[in-house]
Enquirer: 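The structure that follows is given in the form of structure tokens.
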Protein chains: 2
Amino acid sequence: MVERSTIYEVARRSGVSTATVSRVMDNGTGFSATTRERVRAAARELGWVPSGSARGLAKRRAGIVGLLFPDLSSEGEADAESPLYVDQVIRGAERAATAAGDAVLIAATRGATGRDLAFSVAGKVDGLVVLARSLSDEDLAAIAATIPVLLLADRSPHGVDRVGVDNRGGMRAVVEHLIAVHGHRDLVFVAGPPRSPDSIERFAGFRAALTAAGLTPPKKPHAQGGFTEHGGARAVRQLLAERERPDAVVCGNDEMAIGALAALRDARLKVPADIAVTGFDDSTSTRHVTPPITTVRQPMRELGEQAVRAVLARIVARDAPTHQIVLPTELVVRRSCGCRSTATPRRGKQG
Amino acid sequence: MVERSTIYEVARRSGVSTATVSRVMDNGTGFSATTRERVRAAARELGWVPSGSARGLAKRRAGIVGLLFPDLSSEGEADAESPLYVDQVIRGAERAATAAGDAVLIAATRGATGRDLAFSVAGKVDGLVVLARSLSDEDLAAIAATIPVLLLADRSPHGVDRVGVDNRGGMRAVVEHLIAVHGHRDLVFVAGPPRSPDSIERFAGFRAALTAAGLTPPKKPHAQGGFTEHGGARAVRQLLAERERPDAVVCGNDEMAIGALAALRDARLKVPADIAVTGFDDSTSTRHVTPPITTVRQPMRELGEQAVRAVLARIVARDAPTHQIVLPTELVVRRSCGCRSTATPRRGKQG
DNA sequence: TTGTAGGCGTTATCAT
DNA sequence: ATGATAACGCCTACAA
């Protein structure tokens, strides 16, 4: 690891000009087979790796797309750190970027320092995918004025590309299942953090399903569990103490559903015989818990893929119309709802 | 998103030279407070974000560290895609990099195309963290001749920095627990893929524990489960069919342990009353399964952190002695081993 | 098919 | 405290 060699050395060693070396490395055209081999040989011998910075500067294209996500741990949220689905999004983004010959740069914004980080990242990439809540609206706008930005959220500022997932339709699908297939009518909703857009959307889906079934939806969630296992358990204990036993506990996410299961077990209630439970997210544990939880799968990997594809597309076509993509969710029927065996998954309704 | 403005425009607008603008943005020194404000104002008004490429070229430092990991799905392995712990490593890497003012670039190598990808990434970063099995030894060496490289594995080529986790000590700790605390003597080992270094190390730990207890360790694992849930179940069914019931089933990872649990349930055997089971990794599901699985926690997040810290250090001190760090694991006692309640976790022994 | 040379946007050295 | 002005390593017309 002495000194990184440059294109000049490769050119000299192979007896051609730097222009030719550049052409060869770009897999372009305009050189003889002999030349190509000589250049390649020289490059190999020197261990030359083209400088991404120089290349990026010359081409006005770094070949990198950024991914910004929030690290909520620093915000005093209950969340462990960043939601786990972030990992899936990252995987998807990596896959799409690599497929397109780009690389992906990731960074977590943490509180106030997030601003500087975001701008620093913006300088290093050609386009940016921003997960909900990782940036203030004005910082987002400022960056969007510089490079293509795509937001992963339920809604985006005017003119900003967006890819989202159909939270509302997914929740509506589970609830309709509970009502139509199992005949439940007294359903209770355990929400996540009050201001979480995901939680809000899912509650909207819950209400929509009740309304569609001719039932009266509540104005507010029956309880809140902060999206945590512990919170879900607490919510159920409280619910059980203050009202008659409902037919089903509809949880805003899987972790709360797992907590709910534990609380119901403690209360000597059988799931699903005495009471049904559902989750949201299709996290790994839902399959292993007893009984396996009926839930809703979100295509997080695909979310990441579509997101970088969209920014990549916009980098090329700066003035195409704004993207607004909403990915469908999928109902995953297991046993906690009362079904005996796993049914064929079906898609959540849009909207 | 018209045209990215440059340092020249900012300089002109604020009535200073580009040198001064550069100084101000670098938070350096050598300018008056008045100047600083004028420059900042101009930058803000123009929405100027310094070009990372240009900056990197001039400073000979991109401010990016790379992380290369393998995507095993393309290799026809049983693994879903890439092992899940990769996510944790990524999180750790991101955290350490961000803390140091750098960003992290991630890329998954997939089969043969991995080579080009790796070199492409190498050109964009100042240092590279490479997860085991993502690159051939010679490609690794070629890149290591160019930029600082650190390998995340059980061993590394001569002169290459390395950070690993004490697989052997961790497995030894669980097995010793099974022997010393629960008095088991007939232990059976379910291994992962035969050539997996992790699996091999863990089996070595298994043998070491038996030997230390005066028992005769087997030369080869009793069964193989390919690190999958399904494989673990199959291994146990097979074992049950061909030999007397052992005291304990020691699994090379959690997924196989979960599969083992299912197979034992089908065989009407009670865990841990009739037979004990242990896993490795401390994946989320181990807590939710019945009974909760005694396992070994690996500090994957910390692994990622230490790794980028080490490469960052080497970028500064190119010729410091080679790093060789091994992180300790932690025994997580739950119920599948026969313990009633969760004991205080203790560290796995080194080596 | 190949070479020449200017330019990409910043930083850093040397003056002033 | 500030300004000129070379690098930095590669790409890409434009020529030949």
Side-chain angles (χ1 to χ4, degrees), chain A residues 2-40 42-43 46-64 101 119-120 122-126 146-147, chain B residues 2-40 42-43 46-64 101 119-120 122-126 146-147:
Chain A
V2 201
E3 270 300 299
R4 270 163 95 135
S5 42
T6 74
I7 196 174
Y8 295 107
E9 306 171 35
V10 176
R12 177 150 15 93
R13 177 156 193 144
S14 50
V16 301
S17 70
T18 61
T20 297
V21 175
S22 177
R23 288 192 268 259
V24 171
M25 294 314 288
D26 229 29
N27 277 325
T29 173
F31 45 78
S32 69
T34 333
T35 308
R36 187 203 317 127
E37 289 319 316
R38 290 194 12 201
V39 169
R40 288 221 174 126
L46 290 170
W48 176 58
V49 177
S51 153
S53 295
R55 194 191 276 254
L57 180 55
K59 305 187 71 155
R60 267 151 286 239
R61 181 91 166 65
I64 304 178
F119 280 88
S120 163
K124 295 172 178 165
V125 304
D126 302 315
T146 304
I147 55 173
Chain B
V2 200
E3 271 300 300
R4 267 160 96 133
S5 42
T6 73
I7 197 173
Y8 294 110
E9 306 171 36
V10 177
R12 176 150 18 94
R13 179 160 193 140
S14 50
V16 300
S17 69
T18 62
T20 296
V21 174
S22 177
R23 286 192 270 259
V24 170
M25 295 315 286
D26 228 27
N27 277 323
T29 172
F31 45 77
S32 68
T34 333
T35 307
R36 186 200 320 124
E37 289 320 316
R38 289 190 18 198
V39 169
R40 290 219 175 127
L46 289 170
W48 175 59
V49 177
S51 153
S53 294
R55 196 194 275 255
L57 180 56
K59 305 186 74 154
R60 263 149 294 232
R61 181 93 166 65
I64 305 178
F119 280 89
S120 162
K124 293 172 180 168
V125 304
D126 302 315
T146 303
I147 54 173

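Convention: sequence-line order gives letters A, B, ...; per-chain numbering from 1.
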Enquirer: Can you give me the first and the last nucleotide of DNA chain D (5' to 3') that has an atom within less than 4.0 angstrom of a non-hydrogen atom in chain B?
Expert: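 On DNA chain D, the outermost contacted nucleotides are dA1(D) to dG9(D).
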Enquirer: How close do M25(A) and P50(A) get, heavy atom to heavy atom, and via which atoms?
Expert: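 Heavy atoms only, the tightest pair is CE-CG, 4.5 Å.
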Enquirer: Could you name each residue pair satisfying salt bridge (charged side-chain N to carboxylate O under 4.0 Å, His left out) that touches residues 9-21 of chain A, not counting sequence neighbours?
Expert: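 Sorted result for residues 9-21 of chain A: R13(A)-E45(A).
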Enquirer: Counting primed atoms plus P, OP1 and OP2 as sugar-phosphate and everything else as base, spell out the protein contacts along nucleotides 2-15 of chain C at 4.0 Å heavy-atom distance: B, S or - for each nucleotide, 5' to 3'.
Expert: BBB--BBBBSB---
Enquirer: What pairs with T18(B) under side chain to side chain contact (heavy atoms under 4.5 Å, CB included), at least two apart in sequence or on another chain?
Expert: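 Counting only residues at least two positions away or on another chain, T18(B) forms a side chain to side chain contact (heavy atoms under 4.5 Å, CB included) with I7(B), Y8(B), A11(B).
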Enquirer: What pairs of residues pass the salt bridge (charged side-chain N to carboxylate O under 4.0 Å, His left out) test when at least one of them lies in residues 24-36 of chain A, not counting sequence neighbours?
Expert: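 Listed by first then second residue: D26(A)-R55(A), D26(A)-K59(A).
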Enquirer: State which residues pass side chain to side chain contact (heavy atoms under 4.5 Å, CB included) with F119(B); sequence neighbours excluded, sorted by chain then number.
Expert: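 F119(B) satisfies side chain to side chain contact (heavy atoms under 4.5 Å, CB included) with V49(A), R115(B), D139(B), A142(B), I143(B) once adjacent residues are dropped.
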Enquirer: Check D126(A) against G63(A) and note the closest heavy-atom contact, atom names and distance.
Expert: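 Minimum heavy-atom contact is OD2-N, 2.6 Å.
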Enquirer: With sequence neighbours left out, write down each residue that passes salt bridge (charged side-chain N to carboxylate O under 4.0 Å, His left out) with R60(B), or none if nothing qualifies.
Expert: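 Checked R60(B) against salt bridge (charged side-chain N to carboxylate O under 4.0 Å, His left out); zero matches.
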Enquirer: Once you build an axis from the first five pairs and another from the last five of the helix from dT1(C)-dA16(D) to dT16(C)-dA1(D), how far apart in angle are they, to 10 degrees?
Expert: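 Answer for the end axes of this duplex: 30°.
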Enquirer: Mind checking side chain to side chain contact (heavy atoms under 4.5 Å, CB included) for A54(A) and listing every partner two or more places apart, or none if nothing turns up?
Expert: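 So A54(A) forms a side chain to side chain contact (heavy atoms under 4.5 Å, CB included) with S51(A), L57(B).
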Enquirer: Mind running side-chain contact (heavy atoms from CB on, under 4.5 Å) on V24(A) and V16(A) for me, showing each step along the way?
Expert: CA-CA 11 Å; V24(A) 171; V16(A) 301; over 6 Å; no
Enquirer: Below 3.5 Å, can you tabulate the donor-acceptor pairs from side chains in residues 28-35 of chain A to any protein atom, sequence neighbours excluded?
Expert:
{"from": "S32(A)", "atom 1": "OG", "to": "T35(A)", "atom 2": "N", "distance (Å)": "3.2"}
{"from": "S32(A)", "atom 1": "OG", "to": "T35(A)", "atom 2": "OG1", "distance (Å)": "2.7"}

